[in-house]
Amino acid sequence: MHLAASQINGCGGCLDMHTKDAAAAGESVVRINLVGAWRETTVYTEAERAALELTDQGTRLADSSGVTDEAWANAAKHFDEDQLMALVALICTINAFNRLNVITRTPGGEYQPGQFG
């Protein structure tokens, strides 16, 4: 979700951090590189795809009328209520950090994996 929202928002600082942290945690290069085109790939589970759709719709609020009933229902098939609320909080948080970094022009490229925790 961090990568998907950060790509949509054009946040270089967050993309730098989250791609490096994902790689350091053992995520495959293929899955990291394909997150921006997740709809056209086969490397994500149905639950991950539901979370990515919720992230897309929750990030692109100005492009639509918000999260569709279909996207919410699909996410609810894969996540219980607590997990859904955690996902919503994650989407909100990464969008806030994206905006902070874009507004303050935080560049990508200097982050070291695990630098902030």
Side-chain angles (χ1 to χ4, degrees):
M1 292 358 84
H2 287 130
L3 291 177
S6 297
Q7 286 178 340
I8 292 166
N9 291 323
C11 182
C14 288
L15 282 168
D16 184 34
M17 178 192 318
H18 298 301
T19 55
K20 289 175 180 175
D21 282 347
E27 187 58 75
S28 76
V29 172
V30 170
R31 285 172 46 91
I32 292 170
N33 289 338
L34 292 179
V35 75
W38 65 267
R39 287 179 180 87
E40 291 80 31
T41 69
T42 59
V43 300
Y44 303 102
T45 67
E46 289 302 313
E48 289 169 331
R49 296 170 72 77
L52 286 163
E53 180 64 34
L54 194 62
T55 301
D56 277 7
Q57 290 188 19
T59 299
R60 298 178 192 273
L61 295 176
D63 298 341
S64 67
S65 59
V67 175
T68 64
D69 291 342
E70 179 183 358
W72 186 260
N74 190 34
K77 287 190 316 192
H78 299 283
F79 303 100
D80 65 28
E81 188 174 323
D82 288 342
Q83 291 170 324
L84 274 173
M85 290 305 103
L87 183 56
V88 168
L90 177 70
I91 293 166
C92 292
T93 302
I94 191 58
N95 274 284
F97 277 109
N98 288 165
R99 281 150 179 77
L100 176 68
N101 285 329
V102 169
I103 291 167
T104 61
R105 299 180 180 176
T106 302
E110 301 298 321
Y111 179 77
Q112 298 299 312
Q115 179 176 332
F116 297 124

**Request:** Keeping to residues at least two apart or across chains, list the ring pair (Phe, Tyr, Trp, His ring centres under 6.0 Å) pairs with something in residues 18-40.
**Result:** His2-His18
**Request:** Report the residues that fulfil side chain to side chain contact (heavy atoms under 4.5 Å, CB included) with Ala22, sequence neighbours left out, ordered by chain and then residue number.
**Result:** Glu27, Ile32
**Residue pairs involving residues 98-117 (criterion ring pair (Phe, Tyr, Trp, His ring centres under 6.0 Å); sequence neighbours excluded)** = Tyr111-Phe116
**Request:** Sort and list the pairs that fulfil ring pair (Phe, Tyr, Trp, His ring centres under 6.0 Å) and have at least one residue in residues 47-76, not counting sequence neighbours.
**Result:** none
**Request:** Please answer: with hydrophobic residues joined when any side-chain heavy atoms are less than 4.5 Å apart, are Met17 and Val35 in the same cluster?
**Result:** no
**Prompt:** Who else is in Phe97's hydrophobic cluster (ILVMFWY, side-chain heavy atoms under 4.5 Å, direct or via others)?
**Reply:** Leu100
**Message:** For Val30, give me all partners under side chain to side chain contact (heavy atoms under 4.5 Å, CB included), at least two apart in sequence or on another chain.
**Reply:** Ser28, Leu34, Val43
For residues 78-88, which side-chain donor-acceptor pairs fall under 3.5 Å, sequence neighbours excluded?
from  : atom 1 : to    : atom 2 : distance (Å)
Asp80 : OD1    : Asp82 : N      : 3.1
Asp80 : OD1    : Gln83 : N      : 2.8
Gln83 : OE1    : Asp80 : N      : 2.8

**Message:** The criterion is side chain to side chain contact (heavy atoms under 4.5 Å, CB included); which residues satisfy it with Ile8, sequence neighbours excluded?
**Reply:** Asp56, Thr59, Arg60
**Asked** Looking at CE of Met1 and CD1 of Ile94, how far apart are the two atoms once the value is rounded to the nearest 0.5 Å?
**Response** 11.0 Å
**Item:** Reported CD-to-NZ distance for the pair Gln115 and Lys20, which is rounded to 0.5 angstrom
**Value:** 8.5 Å
**Message:** Which residue in the set Asp16, Leu15, Asn9, Thr106 passes side-chain contact (heavy atoms from CB on, under 4.5 Å) when paired with Asn101?
**Reply:** Thr106
**Asked** With sequence neighbours excluded, what pairs up with Ser65 under the side chain to side chain contact (heavy atoms under 4.5 Å, CB included) test?
**Response** none
**Asked** For residues 96-117, which residue pairs qualify under salt bridge (Lys or Arg N to Asp or Glu O under 4.0 Å), counting only residues two or more places apart or in two chains?
**Response** none
**Message:** Quick check: closest heavy atoms across Gly66 and Leu61, and the distance to 0.1 Å?
**Reply:** CA-CD2, 4.0 Å
**Message:** A side-chain contact here means heavy atoms from C-beta on lying under 4.5 Å apart; do Arg31 and Glu48 qualify?
**Reply:** yes
**Fill in**
Applied to residues 62-71, the salt bridge (Lys or Arg N to Asp or Glu O under 4.0 Å) test, sequence neighbours excluded, yields none
**Complete:** Residues passing the salt bridge (Lys or Arg N to Asp or Glu O under 4.0 Å) test with Asp21, sequence neighbours excluded, are none
**Item:** For Asn95 against Gly58, the heavy-atom pair lying closest together
**Value:** ND2-O, 4.4 Å
**Request:** Would you name the heavy atoms of Ala50 and Ala75 that are closest together and state the gap between them?
**Result:** CB-CA, 3.9 Å
**Asked** Does the pair Gln57 and Thr68 meet the rule for a side chain to side chain donor-acceptor pair (under 3.5 Å), with working shown?
**Response** CA-CA 8 Å; Gln57 290 188 19; Thr68 64; 3.3 Å; yes
